[in-house]
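Just so you know, these numbers come straight off a predicted model, no measurement behind them.
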Amino acid sequence: MNNSNRMSEPATPALQPSYMKIFVQRDYSDGTSVKFQTRFPSELEGRIERHIFESTINRLNEYFAEAEKGSCSTYCEGCLACITAYLVYMCSETHYEKCLRKISKYIASQNERIYNPKGLQLTDPTYRGLRVIEISILDRPMRT
């Protein structure tokens, strides 16, 4: 077997710094709707004020409640989707998608204005399957 037929070995990935991560879990006390715990993680003590953290989580919980709320327009949206065999979604966003976009913008603005200057980074929960809110401590690399 000559060397030209062998698959090339993957290049080693560039080492990226791993930062300490804190996870804010989902709160299932009121059912399965998307809602996150407001309990202040002890790892954030001295890095950010408790009321700022709780305000951020409460605002995210409000946005998710708005996304999941049923209204006349969301029911009409669903009926129109059924009538058009869901082709309408090729032309327009759902109410839920619009709310997720608003959540992403809110997280980006919070990171820029509040969290990044304090050495923290919030990760949009949609990147984690709406299971957790990940908070990275940027100035504290993780020990391996």
Side-chain angles (χ1 to χ4, degrees), residues 5-144:
N5 290 340
R6 288 187 189 166
M7 298 199 65
S8 62
E9 295 198 18
T12 54
L15 293 175
Q16 295 181 358
S18 298
Y19 296 103
M20 183 176 168
K21 296 178 190 268
I22 301 162
F23 298 97
V24 177
Q25 301 294 325
R26 284 269 297 270
D27 180 359
Y28 292 101
S29 63
D30 293 332
T32 58
S33 62
V34 180
K35 182 180 174 186
F36 293 96
Q37 297 175 356
T38 56
R39 184 184 58 80
F40 187 73
S42 59
E43 297 89 351
L44 294 180
E45 200 69 51
R47 296 187 171 278
I48 193 163
E49 294 80 18
R50 181 181 301 262
H51 68 90
I52 292 174
F53 170 81
E54 289 174 353
S55 173
T56 300
I57 300 300
N58 285 331
R59 177 58 111 175
L60 286 172
N61 286 339
E62 289 171 12
Y63 282 141
F64 280 111
E66 177 189 336
E68 295 182 356
K69 189 170 89 174
S71 66
C72 184
S73 65
T74 58
Y75 292 121
C76 289
E77 181 182 286
C79 290
L80 182 62
C82 287
I83 291 169
T84 63
Y86 295 93
L87 294 174
V88 72
Y89 292 143
M90 293 174 68
C91 306
S92 68
E93 285 184 313
T94 65
H95 170 71
Y96 199 82
E97 290 170 332
K98 290 174 187 173
C99 289
L100 289 180
R101 192 166 18 95
K102 189 188 313 184
I103 289 166
S104 292
K105 286 180 182 178
Y106 175 72
I107 289 174
S109 75
Q110 288 292 100
N111 277 331
E112 186 178 317
R113 293 181 322 114
I114 297 170
Y115 288 88
N116 289 349
K118 295 180 183 283
L120 302 170
Q121 173 78 31
L122 292 177
T123 300
D124 189 333
T126 57
Y127 297 141
R128 301 293 177 259
L130 300 177
R131 294 175 293 119
V132 294
I133 297 173
E134 179 182 303
I135 304 171
S136 300
I137 300 178
L138 300 177
D139 59 350
R140 188 186 299 173
M142 205 165 118
R143 294 185 183 143
T144 56

**Prompt:** Under the 3.5 angstrom rule, does the side chain of Glu77 hit a backbone N or O of His95 as a donor-acceptor pair?
**Reply:** yes
**Complete:** In this structure, OG1 of Thr38 is separated from CD of Glu54 (nearest 0.5 Å) by 5.5 Å
**Item:** Candidate pair Ile135 and Leu44, rule side chain to side chain contact (heavy atoms under 4.5 Å, CB included), full reasoning
**Value:** CA-CA 9 Å; Ile135 304 171; Leu44 294 180; 4.0 Å; yes
**Message:** Nearest 0.5 Å, please: how far is NE2 in His51 from CZ in Phe40?
**Reply:** 10.0 Å
**Message:** Before you tell me yes or no, could you show the steps for Glu45 and Arg50 under side chain to side chain contact (heavy atoms under 4.5 Å, CB included), namely the whole-Å CA-CA distance, both residues' side-chain angles and the distance that decides it to 0.1 Å?
**Reply:** CA-CA 8 Å; Glu45 200 69 51; Arg50 181 181 301 262; 3.7 Å; yes
**Request:** Just do the side chain to side chain contact (heavy atoms under 4.5 Å, CB included) check on Leu60 and Ile107 with the steps written out, would you?
**Result:** CA-CA 9 Å; Leu60 286 172; Ile107 289 174; 3.9 Å; yes
**Glu62 vs Arg59, salt bridge (charged side-chain N to carboxylate O under 4.0 Å, His left out): CA-CA, chis, key distance, verdict** = CA-CA 5 Å; Glu62 289 171 12; Arg59 177 58 111 175; 3.3 Å; yes
**Asked** Which residue pairs pass the side-chain hydrogen bond (donor to acceptor under 3.5 Å, both in side chains) test with at least one member in residues 83-93, sequence neighbours excluded?
**Response** Glu93-Arg101
**Prompt:** Say you draw a straight line from OG1 of Thr94 to CD of Glu97; how long is it, rounded to the nearest 0.5 Å?
**Reply:** 3.5 Å
**Message:** Strictly distance-based, threshold 3.5 Å: is any side-chain N or O of Asn111 a donor or acceptor partner for the main-chain N or O of Leu122?
**Reply:** yes
**Message:** Closer than 3.5 angstrom, by distance alone: can the side chain of Glu66 be matched with the main-chain N or O of Cys99 as a donor-acceptor pair?
**Reply:** no
**Asked** Does OH in Tyr28 sit with more than 12 non-hydrogen atoms of other residues, nucleotides or ligands closer than 6.0 Å?
**Response** yes
**Request:** Carefully, step by step, assess Thr56 and Tyr106 under the rule side chain to side chain contact (heavy atoms under 4.5 Å, CB included).
**Result:** CA-CA 9 Å; Thr56 300; Tyr106 175 72; 4.1 Å; yes
**Gap between atom CD1 of Ile137 and atom OH of Tyr115 - 0.5 Å precision** = 12.5 Å
**Asked** In terms of side-chain geometry, is the basic nitrogen of Glu49 or Lys118 positioned less than 4.0 Å from the acidic oxygen of its partner?
**Response** yes
**Request:** With Val132 as reference, evaluate Gln25, Lys21, Arg26 under the side chain to side chain contact (heavy atoms under 4.5 Å, CB included) test and give the passing residue.
**Result:** Gln25
**Message:** Once rounded to the nearest 0.5 Å, what's the spacing between atom CG of Asp124 and atom NZ of Lys105?
**Reply:** 13.0 Å
**Request:** Supply the atom-to-atom distance Phe53 CZ to Asn58 CG, rounded to the nearest 0.5 angstrom.
**Result:** 9.5 Å
**Item:** Results of side-chain contact (heavy atoms from CB on, under 4.5 Å) for Ser55 - residues two or more places apart only
**Value:** none
**side-chain contact (heavy atoms from CB on, under 4.5 Å) partners of Glu112, counting only residues at least two apart** = none
